[in-house]
Amino acid sequence: MQYMTTAEIREKYLSFFEEKGCKRMPSSSLIPDDPSLLLTSAGMVQFKPYFLQQKHLEAPYIGTTTVQKCVRTNDIDIIGTTGRHLSFFEMLGNFSFGEYFKEEMCAWAYEFSTEVLGLPAERLYFTVFEDDDETIEIWKALGVPENHISKLGEDDNFWRAGPTGPCGPCSEIYFDQGEEFGCGSPDCAPGCDCDRFLEYWNCVFTQYDGQEDGTLAPLPKKNIDTGMGLERIAAIMQGVQSNYETDVLRSLVSVGERLTGTVYGDDGATDLSLRIMADHSRAVTFMIADGILPSNEGRGYVLRRLLRRAVMKGHLLGLDKPFLNEYVDEIVRLMGHVYPEIVENRELARRVILSEEERFGANLRQGRAFLDEALAQLEGTVLPGEQAFILHDTYGFPVEITSELADERGIQVDLDGFEVCMNEQRERARAANTKDAEAAWSTYGGVMSDVLDATGPTEFLGYENVEADARIVALVRDGELVDALEAGDEGRIVLTRTPFYAEKGGQVGDIGCLETPDAAARVTDTQEPEKGLIAHTVVVENGRFVTGQDVHATIDAARRARICRNHTATHILHWALRKVLGDHVKQAGSLVAPNRLRFDFTHYEAVAPEQIREVECLANEKIMENHLVTYYETSLDEARKKGVMALFGEKYGEIVRVLDIEGFSTELCGGTHVGATSEIGFVKITTETSVGANLRRIEAVTSFDALAYANSIEAELKETASSLGVPMFDVSERAAANVRQLKDLNAKMKFNRETMAANDLAKLFDYVAESKQGYRVLIAEVDGFDAGQLRNGWDLARARVEHLGAVVFASVKDDRPILLAAGTPEAVEAGFDAGSVIKAIAPAVKGGGGGKPTMAQAGGKDASGVKAALQTARDMLL
Ligand code: SER
């Protein structure tokens, strides 16, 4: 067998299948276009629609071939402990969608293995699904001896990507590493857990579509899906025992060696950490390059967990500064030629990792101390869920990391208890977020769904019209259907059609009026209590509305115009933010109101003021260029293909509305917009804040509200200028000068106060007396001193009064008595004990305290006892 680099194997595989007629296609993103999966975990994921015959490959191709970046996270805590498991890996694959099948596939797999890779035939073993005799015959016909073929059951040889979707029986190819790697058991064979037989190629005969109910529906055609773990085959071709010793990963292990000054192979625990850092740094770099940012849920949480686990391992090796970001350059050097996205996003990856390292690093030491303490105090072997929750909530320890650290000491974490705490926290957050509107509408849920069933959805006319004639289909008051709404009633009215936009997608609902010749109602809000059903919240001003009546509906068009300006401005700002900050910026929420807009987006650090200025500048440029704003309807699929921006996790119908701002922005959006960008006039960002980890918020105003904002700033500035008595643009200089002056004055006043206090105190020095025990002592009341001043008083007295041995001071500050006793070491030697003095005299002021023999103090509740306290001191000492 000839040594091959990872890059050579990758290229040989892809060109082999290209020659057979497969189309070479790029790896798809780690974010799958498939709601049933969190992350792309196999090469077949991007081809699911082809297996289902929803998409077709153009002629003359007979299939596809790819190298797919994959992340698998079902066993993160095992990663590093073996040489085989990786969180991120590359999968070589070839696929057929009804063209070639088993015969061709087995022949090519055999040819590639023995001729291209040059693996000795006698070291290859094959497994097939238990009822698949056909494949056994195919392998035999290729020359594989019968004793190299075995059958395995569903667990090993039936492959599924998830609970549902394309799946099928498979045949796996194993490489025999030699008896010395085996467990020695007479039953040792392919499928055994030991290291002798290494599975490197899985050929799936994708014939079924797994249904929700667990049954298997046959697919229209018979397909092929194969996957070969690139790191595993590289280990075989490079004659090494573990993935981490192959060329690419070994280079990453070296980064860790360099950073920590350790040597791989010297020590088991160190090796484990080096492996984890190498593997996880690669996973997080690729995840970030595909637009994932650390967060507390979904794939963002997977990223955070991997990142923090690697940081923790580095920390255990003595790295107490951010280090993981330093792997990025090496990863780009090793893999950038295959995956251009990591080259493009190198800086982003470095900064996201660094910022997460800093965030976590700040808490790491304290969190570890907390955990060590909790484990030391623990009785039994289960760490309570509340403590894991504190570690999560206060110190940012993913619970899996806490479990892993606890596990090292044989302690389990009460995961159920942890979940309870998490749920309570979610509940608190949810309760805090529940909008009044939601609460108000919930009582209408049942009624509105009946209305929808009876009347069907409301026709929405508001994209073109601000008024319309319509008929009343339902009236609701206090959660009940009613026949009529009378003057003074508040309720909801549903019409056959309406120009009123119901609140959704961040855009607030319209207001306006409904009228008949004899009645009028004010519409104070519009909502969509059921999908497609628009309900107007009304107050009837006069007359009577009855079901079946015709009404004229008119929205507040001026308000709507302001909303439209803000909505289009939101899209422009989204575009400009991506332009300035990068493509990882994604909308996470928005509010489009008449007088302002709010836009939440993913980004890993505060947006610098210069960047905000740049965003504003770009956005206003687009406004002034006066681009046309149009919309069209299309299928979700078409829109995706064209790269229209969509919100992840949002549910869209099959037919979607695309908002197109000529030349630069297309987004899925059901809202209302201006006809051309110059109608917005001007956009001004007013604030930029954080609303969570990796979530930023900007607020902005447009047109007349932007003018009003500028005017209010100007008015404020003018007023300040006039109080300062300077021209408007000298305000900041003058204010800074004033603040400086104020600080100087304060410092002077403090000095004066202290001098005065010292003088007051000095007046008492004449009262120094001789104690019973022979040292000189001053017992005195000094009014208005706080505890610090009393201590300074002791220093002052000592400095100024010759041979002073001790003092006992009492003071009343803000109606609170304070007592201080202090003595020199010589006085203490002679018998003075500040602690006992304070203990003896504090009860007189209803207080308590203590300290050392040389210094003790007490506070109390009863200022009237100060004199008695000092008398006690005199009785005691003089
Ligand atoms: N989908 C199969 C696997 O991931 C073969 O590609 O193993």
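Worth knowing before you read on, the calculation uses all heavy atoms, side chains too, and leaves out hydrogens, waters and symmetry mates. As the structure lists them, so they are numbered: ligands from 1, and atoms in each ligand from 1. For reference, positions follow the sequence shown, starting with 1.
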Open item on the list: Quick check: S41 and ligand 1, any N/O pair under 3.5 Å apart?
Closed with: no

Task: Y264 versus R275, side-chain donor and acceptor atoms under 3.5 Å - done: yes

TODO: Check each atom of ligand 1 against the heavy atoms of A42 and keep those under 4.0 Å away; list them by number with element.
DONE: 4 (O)

Task: Aromatic F16 / basic K12 pairing, under 6.0 angstrom, 45° off normal - done: no

- [ ] Using the six-membered ring wherever Trp is involved, compare the ring planes of F47 and F95 and label them parallel, tilted or perpendicular (cut-offs 30° and 60°).
- [x] tilted

Open item on the list: List ligand 1 atoms under 4.0 Å from M44, heavy atoms only on the residue side.
Closed with: 1 (N)

Open item on the list: For the CD atom on E122, are there more than 12 heavy atoms of other groups (residues, nucleotides or ligands in this structure) within a distance under 6.0 Å?
Closed with: yes

Open item on the list: Among all the protein's non-hydrogen atoms, which is closest to atom 1 (N) of ligand 1, and how far away is it?
Closed with: D225 OD2, 2.7 Å

TODO: State plainly whether the residues D290 and R299 are in salt-bridge range, i.e. N to O under 4.0 Å.
DONE: no

Open item on the list: Counting only heavy atoms closer than 4.0 Å, does ligand 1 sit against the backbone of M228, its side chain, both, or neither?
Closed with: neither

- [ ] Output the list of atoms in ligand 1 that are nearer than 4.0 Å to some heavy atom of V204, sorted by atom number.
- [x] 2 (C), 5 (C)

Open item on the list: By the definition side-chain contact (heavy atoms from CB on, under 4.5 Å), identify the one residue from S171, C203, P169, C170 that meets it with V128.
Closed with: S171

Task: Atoms of ligand 1 close to G227 [distance to a heavy atom under 4.0 angstrom, numbered from 1] - done: 5 (C), 6 (O)

Task: From CD1 (I276) to CG (L306), nearest 0.5 Å - done: 10.5 Å

TODO: Run the numbers for me: atoms of ligand 1, each under 4.0 Å from some heavy atom of R72, listed by number.
DONE: 4 (O)

TODO: Tell me which protein heavy atom sits closest to atom 7 (O) of ligand 1, plus the residue, atom name and distance to 0.1 Å.
DONE: N202 ND2, 3.0 Å

